[in-house]
Amino acid sequence: MEGVLVTGSASAELAGECARCLEPITDEIEVRFQELFVYDDQDYSSEEDDEVSMLEGDLLDLEPLLRDAVVLALPFQPLCEDDCPGLCPECGVRLKDDPDHTHEAPVDPRWAGLAALQDQHDQQDHD
């Protein structure tokens with residue numbers, strides 16, 4: 001008697017990029033929603049509910065309802081695969097393409113002078 005109860009489902013195609021490796025991904029989601037649209041002649045005080053959906057004559061606007069349902073169903077960090085290794089923090093290579101990718105341990109700049117002395121000492125031993 002208060003209004004029209006709308007229940008339904010919607011599907012949407014998603015396009016974006018993986019949060020770890022930045023590869024393009026596509027997916028499809030389906031959401032369910034339910035909302036009561038109150039007749040505009042009802043005396044509905046704002047104290048009862050701030051987010052009341054109102055009928056506009058005989059029409060109702062589903063866009064905000066659908067948008068909210070889809071946005072809430074989106075993954076917070078979409079991934080191309082659940083175990084995506086991401087990118088190398090040093091050089092940016094995609095670790096899925098090169099799983100054996102490694103770098104030499106970085107030399108602390110405070111020890112760089114000693115490393116140069118060690119290299120000179122190693123060269124003298126080989127001569």
Side-chain angles (χ1 to χ4, degrees):
M1 300 303 262
E2 294 178 24
V4 176
L5 181 64
V6 176
T7 303
S9 63
S11 62
E13 292 184 19
L14 307 176
E17 58 187 28
C18 177
R20 292 185 187 158
C21 69
L22 306 177
E23 285 294 306
I25 56 174
T26 58
D27 200 3
E28 188 171 313
I29 61 169
E30 185 165 331
V31 295
R32 299 190 51 80
F33 56 89
Q34 184 173 23
E35 183 79 18
L36 176 64
F37 286 81
V38 178
Y39 292 119
D40 57 2
D41 62 352
Q42 293 282 328
D43 182 27
Y44 216 86
S45 68
S46 61
E47 293 174 9
E48 292 179 28
D49 193 357
D50 291 336
E51 298 293 324
V52 175
S53 298
M54 303 289 288
L55 281 167
E56 298 171 12
D58 291 337
L59 302 175
L60 51 96
D61 185 10
L62 289 178
E63 182 182 350
L65 178 62
L66 289 172
R67 182 182 57 240
D68 292 347
V70 169
V71 167
L72 290 174
L74 292 175
F76 181 66
Q77 290 186 329
L79 300 174
C80 59
E81 296 177 357
D82 289 339
D83 60 346
C84 177
L87 302 175
C88 174
E90 301 252 343
C91 65
V93 71
R94 187 172 179 229
L95 296 175
K96 183 178 176 184
D97 296 337
D98 188 6
D100 298 326
H101 180 77
T102 58
H103 291 278
E104 291 184 18
V107 176
D108 189 326
R110 297 173 290 182
W111 298 102
L114 290 176
L117 289 175
Q118 180 66 37
D119 290 342
Q120 287 177 0
H121 179 53
D122 290 344
Q123 286 177 356
Q124 289 174 357
D125 288 344
H126 291 306
D127 292 340

**From CA spacing to verdict: side-chain contact (heavy atoms from CB on, under 4.5 Å), Leu62, Leu60** = CA-CA 6 Å; Leu62 289 178; Leu60 51 96; 3.4 Å; yes
**Asked** Should Asp61 and Phe37 count as side-chain neighbours, where that means a heavy-atom distance under 4.5 Å?
**Response** no
Using residues 4-25 as the side-chain source, report each donor-acceptor pair under 3.5 Å to any protein atom, sequence neighbours left out, with the distance given to one decimal.
from  : atom 1 : to    : atom 2 : distance (Å)
Thr7  : OG1    : Gln34 : NE2    : 3.4
Arg20 : NH1    : Cys84 : O      : 2.9

**Request:** Mind checking side-chain contact (heavy atoms from CB on, under 4.5 Å) for Leu59 and listing every partner two or more places apart, or none if nothing turns up?
**Result:** none
**Fill in**
Sorted by chain and residue number, the side chain to side chain donor-acceptor pair (under 3.5 Å) partners of Asp97 (sequence neighbours excluded) come out as Arg94
**Heavy-atom pair of closest approach, residues Phe33 and Leu66** = CE2-CD2, 3.3 Å
**Item:** Shortest non-hydrogen contact from Ile29 toward Ala73
**Value:** CD1-CB, 4.0 Å
**Asked** Does any pair with a residue in residues 67-100 pass ring-ring contact (aromatic ring centres under 6.0 Å, His included), and if so which ones, sequence neighbours excluded?
**Response** none
**Request:** Could you note down all residue pairs passing salt bridge (Lys or Arg N to Asp or Glu O under 4.0 Å) where residues 24-37 supplies at least one of them, sequence neighbours left out?
**Result:** none
**Asked** Which salt bridge (Lys or Arg N to Asp or Glu O under 4.0 Å) pairs, counting each pair once, include a residue from residues 62-84, with sequence neighbours left out?
**Response** Glu63-Arg67, Glu81-Lys96
**Asked** Does Val93 share a hydrophobic cluster with Leu87, counting links as ILVMFWY side-chain heavy atoms below 4.5 Å and allowing steps through other members?
**Response** no
